[in-house]
Number of protein chains: 2
Amino acid sequence: MVSRVESAAATRRALVDAAADLLDEGGPDAVTLRAVGARAGVSRGAPYGHFPDKEHLLAAVAAKSWQEVGDRLDELIADRALPPAVRLERSLAGLMEVGRRRPHAYALMFAAPTEEHPDAIAAVSRTHDQFLAIVAEVVKGPDRAGPLGALLMTSLHGIVAMENSGQLTPEKWHVTGDELLRMLIARIA
Amino acid sequence: MVSRVESAAATRRALVDAAADLLDEGGPDAVTLRAVGARAGVSRGAPYGHFPDKEHLLAAVAAKSWQEVGDRLDELIADRALPPAVRLERSLAGLMEVGRRRPHAYALMFAAPTEEHPDAIAAVSRTHDQFLAIVAEVVKGPDRAGPLGALLMTSLHGIVAMENSGQLTPEKWHVTGDELLRMLIARIA
DNA sequence: CTCTTCATGTGACGTTGTCATACGAACCAA
DNA sequence: TTGGTTCGTATGACAACGTCACATGAAGAG
């Protein structure tokens, strides 16, 4: 019924899911290898059969999170009835929504892939390429898509990051993150 | 010569400096209470005479880093011969320079002040007020300074953050962080 | 000079990441 | 079926860490 490799793959998936859930629920400090193993139904040492160390497990969580974003972007791209400007707006809003719903996972996604984490790097690169394609449809010049896309992506990330860190308060700046996103699109795109 | 309170204040300063140095040199993992105490010339338990826990020590490091940025902004503001636009440009470039020269400290400055860290919150608030004052001199409408300043600050932070995380590569986006900063000023301010 | 205060030093405890080792079930060859 | 191999998993152990309880010793007050 379940072969050995299937069981191992399922365990690996369960470990990544458990780590992601613990991260969402309790923040980075809650992601303990012992807790991850317990939630995945295995022991504390089991992760070492799938990941060299904790950092690689977290990289797998980041890769999974990026893949989910990429899948949503794929849906946006596949919907040919959508005007390019709407696609761009929804792609930005979608990423912002992830930053608000899963702030810890979002921070992990934008953290530095310090060592060699091919899966995470590939997932990030794919999503960036998708976003660049969406931007390229709005601004007709392909050579302008790169810089404009970078400005949009970095600015959006700054808005979400400062919002999540509590440094973007409406009392101080007289503006909300949503309004900043609208300003960004109006002035940049 | 050295009273007891002076010695205690010096020790506290030495602890914060040691933590900042260790953070700059070896990243967050290098900031151990034992290592901080050793570099400050005291034992591993000494920090608990000045800070309730490690988080408060790191908050003091963040506060000190923000104060240094604020002092540089004060110099910019005091130089009345500087055109407002140049002041704004230099304030943004100065913060970007900190993000590049001290990436770990920069990340700590923009991390969430999770609990009550009055010193850190005050230092952040002061710097934001200074930046808002600089922006207000460029855009004459005081009610526009808030949103515009927020857009500039968040976007700059996004550029620096993605640059430091290695996700803003010129190969992918066909643009550098410096060019993005110039685009930002040209299109926003 | 005595007593108090308080920063500091030290031992100890629980937790964590990680490694070495042992176990056991799934696979393969006969 | 039978025997041996592979490999994911479980467990014991260790060093390092944050933190606490307690001891120490010198500075300041009377």
Side-chain angles (χ1 to χ4, degrees), chain A residues 1-23 25-62 104 108 111-117, chain B residues 1-23 25-62 104 108 111-117:
Chain A
M1 194 62 181
V2 279
S3 71
R4 183 163 54 176
V5 291
E6 285 170 354
S7 169
T11 301
R12 193 196 134 101
R13 247 190 317 271
L15 287 169
V16 176
D17 291 346
D21 290 344
L22 288 170
L23 181 64
E25 296 170 8
D29 292 349
V31 184
T32 302
L33 283 181
R34 285 162 170 83
V36 170
R39 181 174 284 232
V42 293
S43 75
R44 68 182 190 275
Y48 287 93
H50 302 270
F51 306 95
D53 52 23
K54 184 182 181 181
E55 184 182 323
H56 283 73
L57 170 61
L58 292 177
V61 174
H104 302 294
L108 182 63
T114 48
E115 298 180 18
E116 291 301 319
H117 301 298
Chain B
M1 193 64 180
V2 281
S3 71
R4 183 162 56 174
V5 290
E6 286 170 354
S7 169
T11 300
R12 193 196 134 102
R13 245 189 319 271
L15 287 169
V16 176
D17 290 345
D21 290 344
L22 288 169
L23 180 64
E25 296 170 9
D29 292 347
V31 185
T32 302
L33 283 182
R34 285 162 170 83
V36 171
R39 179 173 286 232
V42 292
S43 75
R44 69 183 191 274
Y48 287 92
H50 302 269
F51 306 96
D53 52 21
K54 183 182 181 180
E55 185 182 321
H56 282 73
L57 170 61
L58 292 177
V61 174
H104 302 296
L108 181 63
T114 47
E115 299 182 16
E116 292 300 320
H117 300 297

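Every value quoted in this text rests on a predicted model; they were computed, and no experiment measured them. Just so it is clear: chains get the letters A, B, ... in the order the sequence lines come, proteins before strands, and each one is counted from 1.
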Under the rule of Watson-Crick or G-U wobble with both distances under 3.5 Å, where | means paired to another strand and [ ] a crossing pair, DNA chain C maps to ||||||||||||||||||||||||||||||

On the side chain of R44(B), is there an atom forming a donor-acceptor pair with the base of dG11(C) - under 3.5 Å, no angle test? yes

Beyond-backbone contact of V42(B) with L15(B), side-chain heavy atoms, under 4.5 angstrom: yes

Can a side chain N or O of H50(B) be found less than 4.0 Å away from OP1 or OP2 on dT8(C)? yes

Phosphate OP1/OP2 of dA7(C) contacted by T11(B) side-chain N/O (<4.0 Å): no

L33(A) CG to dG17(C) P, straight-line distance once rounded to whole Å: 5 Å

For K54(B) and dG18(D), give me the distance from atom NZ to atom C1', rounded to whole Å. 8 Å

Would you find a donor on one side and an acceptor on the other, under 3.5 Å apart, between the side chain of D17(B) and the backbone of A20(B)? no

Would you mind classifying the nucleic acid contact of V36(B) as base, sugar-phosphate or nothing, using non-hydrogen atoms under 4.0 angstrom? nothing

Starting from P on dG18(D), measure out to CG on D29(B) and report it in whole angstrom. 10 Å

Starting at the 5' end of DNA chain C and moving along, which residue's nearest nucleotide shows up first, R34(B) or L15(B)? L15(B)

Phosphate contact (dA16(D) OP1 or OP2) by T32(B) side-chain N/O below 4.0 Å: no

Can you identify which nucleotide, out of dG18(D), dG28(D), dT9(D), has its nearest atom closest to the S3(B) side chain? dG28(D)

Taking the side chain as everything from C-beta on, heavy atoms only, tell me whether V61(A) gets closer than 4.5 Å to V31(A). no

Least distance between heavy atoms, R12(A) atom then F51(A) atom: NH1-CE2, 3.4 Å

